[in-house]
Amino acid sequence: MDMQQLQKTVIFRGMSEREITDALSVLQAIEKKYKKGAIIFHAGMTTACAGLVLEGSVTIERNDMWGNRTILSHVGSGQCFAETYALLDDEPMLVDVSANEACRILFFKINAFAKDVQRMKAWQVKFIANLLIISSHKNLALSERSFHTSPKPVRARIMAYLHTVSLQQNKREFDIPFDRQQLADYLNLDRSALSKELGKMRADGIIDFHKNHFKVIAKDALYE
């Protein structure tokens, strides 16, 4: 296991290599590989394990019985998923987790140490503090998505999303983690409607793009 890589992740932030080694042992960590499109977790199942993306990325999706898909979030390298379900290991998952590309995932049992809080070690205190940070970021991400999907016009949804990404990256030219279908699913839009509006926005001189690379040309249009 690459300790330096793990030290750069939020979940193991602030831990020494020895502390991470102890954590991986107590948390019964195991690494698995998945091909693009593979389902990692199914809605309806329960899990005692959270996942840390070591390489690649995954998407958190809601797929209903009528075949409709809504992408809730994108989880990239160094980020965690399913930590809430792992803590509440008898709670059925309401989402699917799928491999957005070929990926390596480190699974670990969060509640492996939670039952013995009287004798917590230093790494456990750091681990819990890091979990709180991760949870806070997840809450922000959910709030962001509500901002992106609440406007009714297609253009307003696109602009709300690009506005957020531009603020987060502090630049007007950036890559987004979604392909066109995934962006449509994330924004709760029909793909053809999304593509048509993107074309209009390009023609109007508001943005330019190629695949998942976007450039905001008319800054005021996104920030008005």
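Residues Ile105 and Val53 are in side-chain contact: their nearest non-hydrogen atoms beyond the backbone lie under 4.5 Å apart. Looking at Leu167 and Glu144, their side chains never come closer than 4.5 Å, going by heavy atoms from C-beta outward. A 4.5 Å side-chain heavy-atom check between Asn100 and Gln182 finds at least one atom pair inside the cut-off. Annotation: side chain of Ile40 is in contact with side chain of Tyr34 (closest heavy-atom distance under 4.5 Å). Between Ile128 and Met120, some side-chain heavy-atom pair lies under the 4.5 Å cut-off. Considering only heavy atoms from C-beta on, Val97 stays 4.5 Å or farther from Val75 through its side chain. Looking at heavy atoms from C-beta onward, Val58 lies in side-chain contact with Cys103 at the 4.5 angstrom threshold. Side-chain contact between Trp123 and Val26 is present, with heavy atoms from C-beta onward closer than 4.5 Å.
Note: Phe41 and Phe81 have perpendicular aromatic rings, judged against thresholds of 30 and 60 degrees for the angle between ring planes. Aromatic ring orientation, His148 versus Tyr161: perpendicular (interplanar angle above 60°, classes split at 30° and 60°).
Side-chain atoms of Arg180 do not come within 3.5 Å of backbone N or O of Arg191 as any donor-acceptor pair. Between the Arg62 side chain and the Thr70 main chain, no donor and acceptor come within less than 3.5 Å of each other. With Asn212 contributing its side chain and Ile176 its backbone, the two residues share a donor-acceptor pair below 3.5 Å. Put simply, the side chain of Ser166 gets close to the backbone of Lys171: a donor and an acceptor are under 3.5 Å apart. Formation of a donor-acceptor pair under 3.5 Å by the Arg157 side chain with backbone atoms of Thr149 is found in this model. Thr46 places no side-chain N or O within donor-acceptor distance of the main-chain N or O of Pro92, the cut-off being under 3.5 Å. For Arg202 (side chain) and Phe209 (main-chain N/O), a donor-acceptor pair under 3.5 Å exists by modelled atom type. Looking only at distances, a side-chain donor or acceptor of Ser143 sits under 3.5 Å from a matching main-chain atom of Asn139. Proximity of a side-chain donor or acceptor of Arg145 to a complementary backbone N or O of Ile71 within less than 3.5 Å is detected. Between the side chain of Arg104 and the backbone N or O of Gly56, no donor-acceptor pair lies under 3.5 Å.
Scanning all heavy atoms of the two residues, the minimum distance from Phe178 to Leu183 falls at CB-N, 3.6 Å. Nearest heavy atom pair, residue Glu83 against residue Ile134, reads OE2-CG2, 3.9 Å. The minimum heavy-atom distance linking Pro151 with Ala156 is given by the pair CB-CB, 3.5 Å. Smallest separation of non-hydrogen atoms from Gly51 and Phe108: C-CE2, 4.4 Å. When all heavy atoms are compared, the tightest approach of Ile11 to Met15 is O-CE, 3.8 Å. Taking both residues in full, the closest heavy atoms of Tyr85 and Leu94 are given as OH-N, 3.1 Å, listed atom of the first, atom of the second, then distance.
Within 6.0 Å of CG on Asn170 lie no more than 12 heavy atoms contributed by other residues, nucleotides or ligands. Summarising the local packing, CD of Gln168 is surrounded by more than 12 heavy atoms from other residues, nucleotides or ligands at distances under 6.0 Å.
A single hydrophobic cluster is not seen to contain both Ile60 and Val165; linkage of ILVMFWY side chains at heavy-atom distances under 4.5 Å, directly or through other members, places them apart. Leu189 is connected to Phe214 through a chain of hydrophobic side-chain contacts under 4.5 Å among Ile, Leu, Val, Met, Phe, Trp and Tyr, so both are in one cluster. In terms of hydrophobic clustering, with Ile, Leu, Val, Met, Phe, Trp and Tyr side chains grouped at heavy-atom distances under 4.5 Å, Ile133 and Leu6 are assigned to a common cluster. Follow the hydrophobic side-chain contacts under 4.5 Å out from Val10 and you reach Met3 in the same cluster. Linking ILVMFWY residues whenever their side-chain heavy atoms come closer than 4.5 Å, directly or via other members, leaves Phe107 and Phe127 in distinct clusters.
We find the CD1-CG distance between Ile110 and Leu131 to be 5.0 Å, quoted to the nearest 0.5 Å. Taking NE2 of His213 as the start and CG of Asp208 as the end, the distance is 8.5 Å to the nearest 0.5 Å. One distance of note links CE of Met45 with NE2 of His42; it measures 7.5 Å at 0.5 Å rounding. Of the inter-residue distances, the one linking Leu27 atom CG with Lys109 atom NZ reads 10.5 Å to the nearest 0.5 angstrom. For the atom pair CD of Glu31 and CG of Leu52, the computed distance is 10.0 Å after rounding to the nearest 0.5 Å. The line from CG of Asp90 to OG1 of Thr47 is 12.0 Å long, rounded to the nearest 0.5 Å.
Just one of Lys196, Glu197, Met159 meets the side chain to side chain contact (heavy atoms under 4.5 Å, CB included) condition when paired with Val154; it is Glu197. Checked against Glu19 for a side-chain hydrogen bond (donor to acceptor under 3.5 Å, both in side chains), the options Gln124, Lys126, Gln7, Lys121 give a single hit: Lys126. When Asp185, Asp64, Asp96 are each tested for a salt bridge (charged side-chain N to carboxylate O under 4.0 Å, His left out) with Arg69, only one passes: Asp185.
In this structure, a donor-acceptor pair under 3.5 Å is present between the side chains of Ser98 and Glu61.
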### Task
Please assess Phe12 against Leu24 for the test side chain to side chain contact (heavy atoms under 4.5 Å, CB included), listing each intermediate value before the final yes or no.
CA-CA 10 Å; Phe12 294 113; Leu24 295 178; 3.9 Å; yes
### Message
I'd like to know whether Asp2 forms a side chain to side chain contact (heavy atoms under 4.5 Å, CB included) with Leu54, so could you lay out the CA-CA distance, the side-chain angles of the two residues, the decisive distance to 0.1 Å, and finally the verdict.
### Response
CA-CA 10 Å; Asp2 187 341; Leu54 298 176; over 6 Å; no
### Message
For a side chain to side chain contact (heavy atoms under 4.5 Å, CB included) check, start with the C-alpha distance between Lys200 and Arg155, then their side-chain angles and the critical distance, and finish with the verdict.
### Response
CA-CA 9 Å; Lys200 289 182 179 179; Arg155 179 171 295 198; 3.6 Å; yes
